[in-house]
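Following: one structure in structure tokens, then a few remarks.
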Amino acid sequence: MVVGETPIKGAARPFASPTGAHVRGLVEKYWQGPVAYDYAIKCSAPGKAKSKDAAKPIKECRPFLTSVIDTVQPMRVLAVGSWAILGLLGRSPDMDSIRRGYGWIRGGVPVFYVEDSLKALQNKFIRKRYEEDVKWALTVAAPTPSHLDGIVHVVDTVDDAEAAYERINEYDEIVFDVETAGIPHGEDFTVLCAGVAVMDTLESDAWVWSEQGLREPAARAILRRLLETKLVAGSNIKYDAIAAEQCLGIDIKRVSLDTQIVHKLAEPTSMGRLDYASELVGMGGSKEEAQIALKKAIAHTRLKKERPGNKPHSHWCSQAIRAGAPGGTAMNYAYGLIPDNVLWRYNGRDVLASATVALHLRERTERTAPHEMKLWDSLMRPAIRSFKRIERVGIQADRQGFESFSASLHIGLDELREGFKTYGKDFNPNSPDQVAKVLFKDLGFKPSEMTAGGKPSTDKSVLEHMRGLHPFVDQILEFRRLEKLDGTYAAGMIEHILSDGRIHPTFRLDGTETMRISSENPNGQNIPRAETREGKMARDGFIASPGRILVELDQSQIELRVAAGMSGDPEMIAIYKSNLDYHLRTAQLISKVVWNKTEDAVGEFERSYSKTVNFGLLYGKTDYGLSQQLGCSVQEAAAVRQAILGRFKKLAAMIKRMLYNVRSTGHVEIPWFDGAHHVRPLLEVGGHDDYKKQNAENSSINTPIQGRAAMYTVAAIPKIHDWIDDNCVPAEIVNTVHDSIILDVEPEAVDEVIENSTRIMTSFDCWGVPLVVDAKAGDRWGSLRKIKHGERFADAQVRWAAEALRASSL
DNA sequence: GGAATGAGCGCC
DNA sequence: AAAGGGCGCTCATTCC
């Protein structure tokens, strides 16, 4: 039986639309027996096409669909599109996250998931993938129903724990998952229960240590013995490892697999979430009970009162109420509100689903994408332990520094707010709509650009062009700048300082499409640069631990070096091998052609042109874009670009080759070592949307370069940790920003940290191009000073003092 | 009154 | 017609 989303109005038979006909064709090709066709919606008219209103009629139609199924008695069902899944199973997971997944309807009939988007099928790559998926759904052997409800043993006592150990110890690899309440690294962070399952298809038992079991020292010791000796898998296992370490004093030493990360490596457009990944193994929907309980719990906190009838956990309840408004971190506390038996059952199911998903993803990824498993093993797996450590350590914050920064910003903000009263008593300068009204109605300016939503744009580039035409323009620009600084980097940052006086951002190892790491809560990777007065104040809020020194190690021009190495361009490589100023040298190489100047006559002006174009090349920037940035004519920008590509012929060839490859395969590769690489699909290159196509093509050039560059830092970090541990060096890594690593170091260890971290960071091969690391040190992030290559920290300090003296005597 | 989205902008 | 890749956060607004 094939179930689609909605029938076409007035169609003579089901599946008559172009997509429908396509499905029909495939079904007739691959399925020999009789076929029934139906839809998720039929008893009431659907709302607007593809709108969210559709969920209601679909749910109303479910009983009818069920009765049809009872009559048809299908052997298997194809659910074409997420609405069809909603109609059949009552949930609508993200289609990209459940490719080659299936669920069950009554009577153990499997439902295979297939995407449905007429538009997407016009893309040759998506169409091919789709056809393969339909073929799979029709020809794969019907799976055996997996036990959705394994046995969940609650571990309260030592006896329980010993019985659990007896069973679990039979296996080398286990799965671990905690439920928590509170903010990680914060004072009240608590493990509410901790579940363990074994990585074996034959086992369907889970053991859940209750709070009581975790409190009991001997029962907890048994959990520790398991977690510290076995291979441990999980979903976002870094989180569970942090909780285990902070709350239980348990150090998970050997992570074997993370379902989120491996899923995202193998299926980059998926979301990696366990509730979706469970659909890959026929275990979808297991989170429903807990999600209902969580919703109820949160709803009760909204009543702004403790909830007497449920779980009398007044601490979490009051915390949830406090956190509820605004911003909504109430979820951090919500698990503390749901009844124990629900929580344990949920945790047990989760850990069983994780085990099944982990086994499935490992087998599937090793078979279909061994390069991704190699990348997991060689790069990501070691990184988990390191990033757990960085998150646990956090970075020292200067609360008073942030407070005075905020206060200084408020002086300017208050003044500007006062001035804005001219434009109306309730004028809100934060509102783009209201700003647009003043500019384009009251002041009579003509809108030059529109936003995606069709409103007149008031963004920075628009306002920059209007600078000086009216004081209001400059005032808004300044207001936005100060608001951003205060909201995110001054007052906003204070919210993130925990009781240990430190800020603990979370790093997402699967947070980007290019293998860069992302950072959140707060984002420690977009703190303003220290070059401006305010930027310096923002970074100065991040300081060394008492008595220590911050050391920042920066990969110098890593992306250009990667481009040089990856393309094998001899001219580019020669520049780096002779340790010249890359942008200056580029300007010199093209000086005759572009400016009709000798190499000697090339100065800062020409250098800056080259620099802009050099970076623009890596991003696929157009001549128009370059000219805008340089403030020159399009012709001039084009001349510089062509001159550089004329000189760097193999770079030009690589760019061409990348475009050719992505257009023919629909994906790009980020290479690492020993057969490990990551494949990023860029299927939009096969579509008909020119904008998206252009975007995907630009990404095809940028992705391998950005990705490979980022991998060097990710790979260096665990090695630096190993060196620190092996030598008992008083130093900790406290942050990383794509191509730089920041350490918090005892003063006497600064020299060895710089020397050895640099050695590690430059130890990787970049196709023969030398890697170079620059070092800076100081006691505040905004006030770091450069330490020359080979210079000793003590000598640098003397030099800085002398320079400061000279500066002050001037 | 929360969730989702859009605009805008900070970093590499 | 837009016009450089990759992110996350904040505020306003809209939707439900």
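Here is the naming used below: chain letters follow the sequence lines, and residue numbers restart at 1 for every chain.
N614(A) places a side-chain N or O within donor-acceptor distance of the main-chain N or O of S610(A), the cut-off being under 3.5 Å.
When heavy atoms are screened at a 4.0 angstrom cut-off, Q629(A) is found touching base atoms of the nucleic acid. Within 4.0 Å (heavy atoms only), E520(A) reaches sugar-phosphate atoms of the nucleic acid but no base atom. N695(A) comes within 4.0 angstrom of sugar-phosphate atoms only, judged by non-hydrogen atoms across all strands, and of no base. Nucleic acid contact class of G616(A) (heavy atoms, under 4.0 Å, all strands): base. Counting non-hydrogen atoms under 4.0 angstrom, S519(A) reaches the backbone sugars and phosphates but no base. Counting any heavy atom pair closer than 4.0 Å across all strands shown, T458(A) reaches sugar-phosphate atoms only and no base atom. Residue S457(A) is in sugar-phosphate contact alone, with no base atom involved, counting any heavy-atom pair closer than 4.0 Å across all strands shown. Residue contacts for D623(A): at a heavy-atom cut-off of 4.0 Å it reaches no nucleic acid atom on any strand shown.
Regarding contacts with the backbone of dG10(B), every side-chain N or O of R529(A) stays at 4.0 angstrom or more from both OP1 and OP2.
Of the P atoms belonging to dA3(C) and dA7(B), the separation is 13 Å, rounded to the nearest Å. Remark: the separation of the P atoms in dA2(C) and dG8(B) is 14 Å, to the nearest Å.
Once the 5.5 Å centre distance and the 30° plane angle are applied, the aromatic ring of Y619(A) is found not to be stacked with the base of dG4(C).
Aromatic pair F445(A)/F440(A): ring centres not closer than 6.0 Å.
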